[in-house]
*Asks:* 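Here it is, the structure in full.
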Number of protein chains: 2
Amino acid sequence: MRIGELAKATGIDVETLRYYERVGLVQLPARQANGYRAYGQDAIERANFIRHCRTLDMGLGDIKRLLDFTSKPDAGCFDVNHLLDEHLARVRAKLKSLRTLEQQLARLRTQCDAGHRAADCGILQDLVAAAHGEACACHPSDGNASLSKRKARE
Amino acid sequence: MRIGELAKATGIDVETLRYYERVGLVQLPARQANGYRAYGQDAIERANFIRHCRTLDMGLGDIKRLLDFTSKPDAGCFDVNHLLDEHLARVRAKLKSLRTLEQQLARLRTQCDAGHRAADCGILQDLVAAAHGEACACHPSDGNASLSKRKARE
DNA sequence: TTTAAACCCTATAGCGACTTCAGGGTCAAG
DNA sequence: CTTGACCCTGAAGTCGCTATAGGGTTTAAA
């Protein structure tokens with residue numbers, strides 16, 4: 001199987017597959033005489049595993065760790081649980097801050113309904129008011145999505 | 001006012017302020033004899049505007065556009081509405097896909113409660129099953145958060 | 001007066017997960 | 001024999017910072 005067929009079979013872009021190879025997520029495939037990559041059926045399985053994990057928004061590092069687990073059947077699965085718990089926590093945190101954000105934006109959106117002069121635009125006024133520290137449609141209180149240092153993946 | 005004071009006044013990191021300058025989001029400040037940046041009061045206002053928009057998760061390009069509007073009071077504010085609508089739509093789409101994702105992950109998490117051998121781990125089994133296209137705890141049906149081309153900012 | 005901390009400067013590289021581009025080689029059909 | 005679809009490598013671009021290297025300046029204390 002050539003890389004284009006693998007791409008079609010898995011829904012992963014050709015460039016992305018090569019990128020996964022470069023960062024060590026998929027093992028180096030055999031090569032045909034002309035230098036083309038030659039994949040076996042197992043490559044589809046592995047690539048689909050990666051794809052599925054990516055739809056779950058896992059990072060490539062996490063996926064790599066999971067792939068390692070699948071090839072070490074006798075290891076404890078405590079770490080799998082832990083990895084998933086952390087990921088779930090990240091997703092829930094992001095969800096929470098996104099819900100707040102959506103409300104802020106929706107409220108801001110109500111400030112201007114018609115197309116009039118920018119000088120009278122309630123949205124702009126509201127945003128400028130925030131720059132003055134005055135009352136504003138949005139009152140971020142939980143400190144989420146802030147500009148401060150964030151280490152965690154979003 | 002020097003850059004450190006501006007940073008303290010706005011809560012934006014010094015490096016980030018310099019970065020904003022580099023990408024043209026804030027205008028070039030005057031310089032002292034020693035080469036230090038010298039800001040006026042208006043810089044605080046502009047920087048706070050940017051900060052507020054960033055807490056609303058707007059992209060720097062969008063913020064630039066909004067800043068342009070604030071300096072063109074006679075322009076129509078149709079575009080401001082439009083920009084905000086698009087941003088809101090992006091946020092809502094992301095919210096929807098995150099909600100689906102959270103459910104998928106939570107369900108997946110129930111597959112394994114104890115620390116046993118990785119070979120018996122329900123989570124891994126489930127993920128591998130997905131690679132086979134078999135039944136799985138997660139059934140992504142809306143196609144969100146897919147691996148296909150996405151142009152939009154997340 | 002020296003010296004150390006705290007500030008400032010520029011330029012550059014790194015992050016994650018790709019995407020795109022430049023500049024080629026290979027292969028089957030018409 | 002040429003066109004077009006596919007393949008290759010390596011490098012740079014995306015976004016919004018963050019960090020690092022390698023300097024210069026200012027300010028306060030010892």
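These numbers come from the heavy atoms of this one structure, side chains and all, not from hydrogens, waters or symmetry mates. Each chain gets a letter, A, B and so on, in the order its sequence line appears, and its residues count up from 1. Treat the numbers as computed from the prediction; the structure is a model and nothing was measured.
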*Asks:* Has Arg31(B) got a side-chain atom pairing as donor or acceptor with Ala38(B)'s backbone, closer than 3.5 angstrom?
*Replies:*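 No, because the side chain of Arg31(B) does not come within donor-acceptor range (under 3.5 Å) of the backbone of Ala38(B).
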*Asks:* Five pairs at each end of the helix from dT1(C)-dA30(D) to dG30(C)-dC1(D): take the axis at both ends and give me the angle between them to 10°.
*Replies:* 30°
*Asks:* Spell out, as yes or no, whether a donor-acceptor pair under 3.5 Å connects the side chain of His87(A) to the backbone of Asp62(A).
*Replies:* no
*Asks:* Kindly work out whether a path of hydrophobic side-chain contacts (I/L/V/M/F/W/Y, heavy atoms less than 4.5 Å apart) joins Val14(A) to Tyr36(A).
*Replies:*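 No.
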*Asks:* Relative to the 5' end of DNA chain C, which residue comes earlier, Arg22(A) or Arg22(B), by the nucleotide with the nearest heavy atom?
*Replies:* Arg22(B)
*Asks:* Please state how far atom CG in Leu60(B) lies from atom P in dC15(D), giving the value in whole angstrom units.
*Replies:* 9 Å
*Asks:* Expressed in angstrom and rounded to an integer, what is the separation of Leu25(B) atom CG from dC17(D) atom P?
*Replies:* 9 Å
*Asks:* With a 4.5 Å limit on heavy-atom distance, are the side chains of Arg109(A) and Asn81(B) in contact?
*Replies:*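 Arg109(A) reaches Asn81(B) side chain to side chain.
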*Asks:* Side chains of Arg2(A) and Arg37(A): closer than 4.5 Å at any heavy-atom pair?
*Replies:* no
*Asks:* Testing the basics here: between Met58(B) and Leu84(B), what is the closest heavy-atom pair and its distance to 0.1 Å?
*Replies:*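 In this case the closest contact between Met58(B) and Leu84(B) is CE-CD1, 3.5 Å.
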*Asks:* For His87(A) and dG16(C), what is the distance between atoms NE2 and P respectively, to the nearest whole Å?
*Replies:* 15 Å
*Asks:* Using only side-chain N and O atoms of Asn34(A), determine if any of them is under 4.0 Å from OP1 or OP2 of dG25(C).
*Replies:*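 Indeed not, no polar side-chain atom of Asn34(A) lies that close.
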*Asks:* Any chance you could measure Ile50(A), atom CD1, to Ile63(A), atom CD1, to the nearest 0.5 Å?
*Replies:*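 So the CD1 of Ile50(A) and the CD1 of Ile63(A) are separated by 6.5 Å.
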*Asks:* Once you round it to whole Å, what is the distance between P of dC7(C) and CG of Leu6(B)?
*Replies:* 15 Å
*Asks:* Does Tyr20(A) put a side-chain nitrogen or oxygen below 4.0 Å from OP1 or OP2 of dA17(C)?
*Replies:* no
*Asks:* Using the 3.5 Å cut-off, write out each protein N or O paired with an N or O of nucleotides 1-7 of chain D and the distance between them.
*Replies:*
unit_1: dC7(D); atom_1: OP1; unit_2: Gly4(A); atom_2: N; d: 2.7

*Asks:* Distance check needed: dC8(D) C1' versus Gln32(A) CD, whole Å only.
*Replies:*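 Value for this atom pair: 12 Å.
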*Asks:* Looking only at atom types and distance, does a side-chain atom of Arg46(A) sit under 3.5 Å from a main-chain N or O of Leu25(A), one as donor and one as acceptor?
*Replies:*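 Such a contact is found between Arg46(A) side chain and Leu25(A) backbone.
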*Asks:* Begin from the C-alpha positions of Asp13(A) and Lys8(A) and carry the test salt bridge (Lys or Arg N to Asp or Glu O under 4.0 Å) through to its verdict.
*Replies:* CA-CA 8 Å; Asp13(A) 193 83; Lys8(A) 209 163 284 177; over 6 Å; no
*Asks:* What is the separation between atom CD on Glu21(B) and atom P on dT10(C), rounded to the nearest whole Å?
*Replies:* 7 Å
*Asks:* Can a side chain N or O of Thr16(A) be found less than 4.0 Å away from OP1 or OP2 on dT19(C)?
*Replies:*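 Yes, Thr16(A) has a side-chain N/O under 4.0 Å of OP1/OP2 on dT19(C).
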*Asks:* Nearest whole Å is fine: how far is dT18(D) P from Ile12(B) CD1?
*Replies:*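 Nearest whole value for this atom pair: 11 Å.
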*Asks:* From CD of Glu15(B) over to P of dC8(C), roughly how many Å is that when rounded to an integer?
*Replies:* 10 Å
